[in-house]
Amino acid sequence: MNRLLLAAYPEPYRSRHGEELLTCLAEAYPGRSWPPPREVAALVRAGVQSRARATAHDTARPWWLDGIHLAALALATLALVPYLQDVWHWALRIDPGQHAMAFHFSGWYPWAEGPTRIRLLPYGLLPLVCLIALLRGRPWIALPAAAAMIWAGATSHGRTLFGDEGKAGLGYYGLGTPITVHDLVLSGTLCAACAVLTACRPSRLRRRSYRWLVPVVLAMYVAGGLHIISVSPTFQRGLFALEVAALIAAWAATASTGDYRWLIPVAAVAFIRTQAIVIQPQGFMQSLPDLVVLVLLIAPLPVLAITAQRRQGQALAQ
């Protein structure tokens, strides 16, 4: 189990110091397959900082281009989250029955029984294609998928390739911000980011391993196997915990490098969710007071900016 902790560190570090770190853990905690929680937190924090420094010192691409790439990845993930269960059921040819999301009909599965049997695709395939293409550094593949997301949300109501799922399906993101596919701000921003990445020499983009999809598959398994949909309180609490962890990681990376690239994805997600609350306040879930949610969404931006500025000032002073 100690080897899982090495995944927090970049590959060059694992090659040089991986075995040494495992030996130290085995000697410090004999007979234990996992160190104490405090040691785990320290190792993960050191791994995040090591990855952040390796990223900041990489001169193959400008920081703003990498930041836009991270923002596109975050937006594709945000768009995929409400449809994890549906993509899982579709991929494994499972008819969810009463556990289907509350659309006007649930017969969009090609193998579903009954008079509503219609050969349609789950809308979640579009952000999934975007996510995989962006992970592999191929935004020209993600761009048409993002454009299809805009088309699915902008077309009139009725039976289209993606059915009513692309019209009435509510996606609840973290603090309970409802965003329908008909709201084109999310898909439009994602499409714009993919267009910028495509125009700026995609060969310069960072290509990540397919192993980054393991958490996505695990989330699909949990959502599909346990029938946890995006309106479930369990889903909301779990997503909120993950978002807090991501913000802490962004702060740790910014504090160790003084780089502004991690501010871009945080700002993009905050913008998408804030505009949804401001424009459609009647759809807010009221999981927390509106003002509290807006503060929680906006507060990380100045915190990251001040942290980066202070770190750069310390570097100049040294």
Side-chain angles (χ1 to χ4, degrees), residues 4 7 70 72-103 105-112 118-136 138 141-142 145-146 148-149 152-153 161-181 186-187 190 194 208-246 249 265 269 272-273:
L4 290 178
L70 290 172
L73 285 168
L75 294 178
T77 304
L78 191 64
L80 173 62
V81 159
Y83 306 104
L84 291 171
Q85 175 179 267
D86 303 284
V87 173
W88 180 263
H89 288 162
W90 179 85
L92 297 185
R93 300 177 64 87
I94 298 173
D95 188 349
Q98 297 300 318
H99 297 287
M101 293 181 69
F103 303 127
F105 63 91
S106 60
W108 46 272
Y109 295 90
W111 47 89
I118 302 173
R119 295 187 177 277
L120 301 175
L121 298 174
Y123 174 83
L125 286 179
L126 295 177
L128 180 61
V129 169
C130 282
L131 179 61
I132 296 174
L134 290 168
L135 278 174
R136 298 300 297 166
R138 294 180 171 87
I141 298 177
M149 292 171 62
L161 183 63
F162 301 100
D164 283 348
E165 184 175 10
K167 309 298 182 298
L170 279 179
Y172 294 89
Y173 304 128
L175 293 174
T177 308
I179 302 177
T180 65
V181 178
L186 173 57
S187 55
L190 175 59
C194 292
R208 294 168 174 83
S209 169
Y210 284 112
R211 287 177 293 184
W212 284 92
L213 289 173
V214 172
V216 178
V217 176
L218 180 61
M220 288 183 181
Y221 167 76
V222 172
L226 300 181
H227 300 295
I228 299 177
I229 61 175
S230 57
V231 296
S232 167
T234 302
F235 185 99
Q236 292 295 303
R237 297 187 186 103
L239 183 56
F240 179 71
L242 290 176
E243 290 178 345
V244 170
V269 174
I272 294 298
R273 298 166 74 188

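As a basis for the values below, the full set of heavy atoms in this structure was taken, side chains included, without hydrogen atoms, waters or symmetry mates.
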Do you know which two heavy atoms are closest between [X] and [Y], and how far apart they sit?
| X | Y | result |
| --- | --- | --- |
| S209 | R136 | CA-NH1, 3.9 Å |
| A142 | C130 | O-SG, 3.3 Å |
| P127 | A76 | CB-O, 3.7 Å |
| L190 | A146 | CG-CB, 4.2 Å |

Passing candidate, side chain to side chain contact (heavy atoms under 4.5 Å, CB included) with V216, options L135, I132, V81, L131: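 Looking at L135, I132, V81, L131, the match for V216 under the side chain to side chain contact (heavy atoms under 4.5 Å, CB included) is L131.
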
Mind checking the [atom1]-[atom2] spacing from [X] to [Y]? Nearest 0.5 Å is all I need.
| X | Y | atom1 | atom2 | answer |
| --- | --- | --- | --- | --- |
| L128 | T77 | CG | OG1 | 10.0 Å |
| L80 | M220 | CG | CE | 5.0 Å |
| L213 | L218 | CG | CG | 12.5 Å |
| W212 | L134 | CH2 | CG | 14.0 Å |

Minimum side-chain heavy-atom gap V217-W88 below 4.5 Å: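 Yes - at least one pair of side-chain heavy atoms lies under 4.5 Å apart.
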
Close side-chain approach of L73 and R208, heavy atoms under 4.5 Å: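 Result yes, sub-4.5 Å side-chain heavy-atom pair found.
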
